[in-house]
Amino acid sequence: MNPEVAVTLVSKKSMCLLTPLKHQRIALHRLSSSSVSQDEKSYYITTPIFYVNASPHIGHLYSAVIADCLHRYKLLQGFKSKFATGTDEHGLKIQQAAEAAGKDPLVFCTDVSERFKHLFSCCNISHTDFIRTTEQRHREAVEHLWSVLWNNGFIYKGSYEGWYSTPDESFLTASQVGDALDPSGKEIKVSLESGHKVEWMKEENYMFRLSAFRSELLDWLSANPLAVQPERFYQDVLQWLQEDLPDLSVSRQKSRLQWGIPVPGDPEQTIYVWLDALVNYLTVAGYPDEHSQWWNVAHHIIGKDILKFHAIYWPAFLLGAGLPLPQTIHVHSHWTVGGKKMSKSLGNVVDPLERSQMFTTDGMRYFLLRQGVPDSDCDYTDAKVMKLLNAELADSLGGLLNRCTAPALNPAQIYPHFCSQSFPSEQSSGQSRAVAEDYHMLEAVKNLPAVVEQHYDTLHVYKALEAIGACVRQTNGFIQRHKPWKLDRSDCKDQRWLDTIIHVSLECLRVYGTLLQPVVPEISNKLLSRLGVRPGERSWAALMFLPKHQGVNCPFEGRALGSNSGVLFSRLEKNHTGSQHKYKT
Ligand code: MSP
C-alpha cells in the first residue's frame with residue numbers, strides 16, 4: 001500500500017464476498033458479449049460532462065463535435081444511436097465558484113449549464129440527452145450504484161490521508177506531487193500533471209476497494225486491445241496498472257463538501273464528485289431501470305486529462321457493481337493557444353461561440369476535426385482556421401460544385417447523362433476519351449467510403465477528411481485535364497463527353513457530400529440539395545458510386561438539379577481593425 005495513503009479499516013463487513021462475486025462478474029461479462037448481436041444496431045456515444053465553474057472553450061466544443069460526428073455517422077449507417085452530453089455540477093470547486101459569484105449553487109449551475117446548451121445548439125450538436133448531475137434521475141442512479149457497491153462489499157468506512165487537488169477533484173500519490181512557488185513566492189505542492197495546487201487532506205470517509213480490481217482490469221485490457229484508443233493511451237493505462245493502485249476515497253465529510261449527493265444512510269458524508277459524475281453515463285442509459293440496450297453498446301469520448309478516471313476508476317466501479325464495461329474509450333489530446341494550456345489567468349481562452357459566428361458553425365466543426373489529432377496536442381490560431389477553410393471548403397470543394405453546376409457548362413441545370421462509350425468501365429481505346437488518371441480517380445472515389453468508414457470508426461476524422469480532400473483535388477484535376485468549356489457543343493460526341501464529365505464529377509460530389517455529413521451537416525445538406533439528392537438518398541447504404549459503371553441504372557441521371565442557394569462556403573477575408581482581427585465571409 002502507498003505509504004502516503006494510509007487506510008484504516010473501520011468496517012470489514014464484506015471482504016469475504018470476493019470469490020462468489022468474481023464468478024458473477026465473469027458470468028455477466030459473458031452475458032454482455034452474447035447480447036452484442038441483439039444490440040448490433042444500437043450505439044451509445046457520450047461526451048464527458050462539463051464542469052460548470054467556467055464558460056465553454058474550444059476544447060469543450062472539440063469533445064462535443066467528435067461525439068456528434070460519430071453519432072451522425074452511426075445514424076447514417078442505420079444504427080439507432082443515443083448521444084449524451086451534459087454538465088457536471090457537484091463538487092468543491094463548483095461550490096467555491098458559486099460562493100465567489102455570490103450565487104446559490106443551483107442557480108449558478110443552471111446559468112452555466114444553459115451556456116453549454118446554447119453553444120451546442122448553435123453548433124449543431126445533435127445530442128439526444130443533456131444530463132445535469134443535479135437532476136433527480138441522476139441522484140437515484142448514483143444512490144443505487146452506491147448501494148450495490150456497498151452491498152457487494154466494495155465500499156468500507158476508513159480514513160484517508162493524502163494529497164488532494166480541488167481544481168482537478170483528484171487524489172494524488174506522493175510521486176504525482178512536486179514543489180512549486182505560488183505568486184507570492186510561498187512554497188507549495190502542486191500536481192505534476194495539471195500544475196494545480198494540492199493540499200494535504202486527512203479525514204474519515206468511505207473508501208472504494210480499488211486495489212481489488214487490478215487483475216480484472218488487466219484481464220479486460222488484454223482481452224480488449226481496442227478498449228482504449230489510440231494505442232499510446234492504452235499503454236498509459238497498462239503502465240498505471242503496474243504502479244500502486246491504492247483504495248480510493250469516495251466520499252468527503254459534509255462539513256467540507258455540502259454541494260453533492262449525500263452518502264445513502266450517512267448524511268454526514270457527501271459522495272465524491274468523480275463517482276457521482278461517472279454515473280451520468282448509466283443514468284442516461286436508464287439505470288437503475290432497464291438500461292442494457294444502451295449500456296451494452298456504450299462508447300466514451302474523453303480528453304487525455306481524464307483518462308485515469310475513465311479507464312481505471314470507472315471500469316472498477318462497474319466491475320464492482322457487476323455491470324458490463326464500456327466498449328471503447330476514445331481519447332483525444334488538447335488544444336493549446338500559443339503553445340500553452342488555455343486559462344483565464346493567461347487570457348488565452350478561445351471562445352467557441354464567437355469563433356463559430358466568425359467562421360460559421362460548419363467552418364469551426366471542420367477546422368477542429370480536420371486539424372485536431374487524437375494523439376498529440378494541437379495549437380489553435382485564427383489564421384490557421386482561415387487558411388484551411390479557404391483552401392479546402394471554399395476553393396477546392398466549393399469550386400468543384402461551382403464548376404459542375406455553372407449555367408455555362410450545365411445550361412439545362414440537370415444531372416446529365418453518362419455515356420459509356422466516352423468513358424467505358426475498362427480502360428480501352430475505341431471512342432473512349434478517358435485517360436489513365438481518370439481511372440485512378442474513379443478507383444480512389446470508389447474506395448473512399450471504406451477508407452472514410454475505417455477512419456471514422458477509429459476516430460481519426462482528420463485522416464478521413466484528408467482522404468476526401470485528396471479525392472476532391474483529383475476531381476478538380478479531372479475537370480481541368482479535360483477542359484469541358486473548350487468542347488464543341490454542336491458536335492454530339494463532344495456534347496456526350498461533356499455530359500459525361502459533369503455526370504462523373506457530380507457523382508464524385510455526391511459521394512463527398514454524403515461522407516461529409518457527420519462533419520459539416522449544413523454544408524453537406526446544401527451540396528446534396530443542390531445536386532438534387534433527396535433526404536432518403538443520403539445514407540451510407542445509398543452510396544453506390546457511378547452505378548453506370550456497374551451496369552446499374554443511375555437514379556439521378558436526367559434529374560433536375562436543386563435550386564441554387566449561393567456559394568457553398570464563402571471565402572473568409574481578414575479585416576484589420578486596430579489590433580483586432582476580424583473575419584468576414
Ligand atoms: N467534469 C469532468 C468530466 C466528467 S465526465 C464523467 C471534466 N470536465 S471539464 O469541463 O474540465 O472537461 C471536459 C472535457 O473537455 C474533457 O474531456 C477535457 O479533456 C476536455 N478539454 C478541456 N480542455 C481541453 C482542451 N484545451 N482541449 C481539448 N479538450 C479539452 O473534466
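Only this structure's heavy atoms are used, side chains among them; waters, hydrogens and symmetry mates stay out. When a ligand or atom number is given, it counts from 1 through the structure's own listing order.
- The side-chain heavy atoms of F208 and Y272, taken from C-beta on, include no pair separated by under 4.5 Å.
- Between Y380 and H57, the side chains place no donor N or O within less than 3.5 Å of an acceptor N or O (distance only, hydrogens not considered).
- Y164 and W274 have their aromatic ring centers separated by at least 6.0 angstrom.
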Measure and list all N/O to N/O distances between ligand 1 and the protein that fall under 3.5 angstrom.
residue: ligand 1; atom: 1 (N); partner: I49; partner atom: O; Å: 2.8
residue: ligand 1; atom: 1 (N); partner: D88; partner atom: OD2; Å: 2.7
residue: ligand 1; atom: 10 (O); partner: Y51; partner atom: N; Å: 3.1
residue: ligand 1; atom: 10 (O); partner: H60; partner atom: NE2; Å: 3.4
residue: ligand 1; atom: 17 (O); partner: G303; partner atom: N; Å: 2.8
residue: ligand 1; atom: 19 (O); partner: D305; partner atom: OD1; Å: 2.5
residue: ligand 1; atom: 19 (O); partner: H334; partner atom: NE2; Å: 3.2
residue: ligand 1; atom: 26 (N); partner: W335; partner atom: O; Å: 3.0
residue: ligand 1; atom: 27 (N); partner: W335; partner atom: N; Å: 2.8
residue: ligand 1; atom: 29 (N); partner: G59; partner atom: O; Å: 3.4

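- Looking at D236 and K304, no side-chain N of the basic residue comes within less than 4.0 Å of a carboxylate O on the acidic one, giving no salt bridge.
- With a 6.0 Å radius and a threshold of 12 heavy atoms from other residues, nucleotides or ligands, K254 has its NZ atom at or below the threshold.
- Remark: K103 NZ is packed, more than 12 non-hydrogen atoms of other residues, nucleotides or ligands lying under 6.0 Å away.
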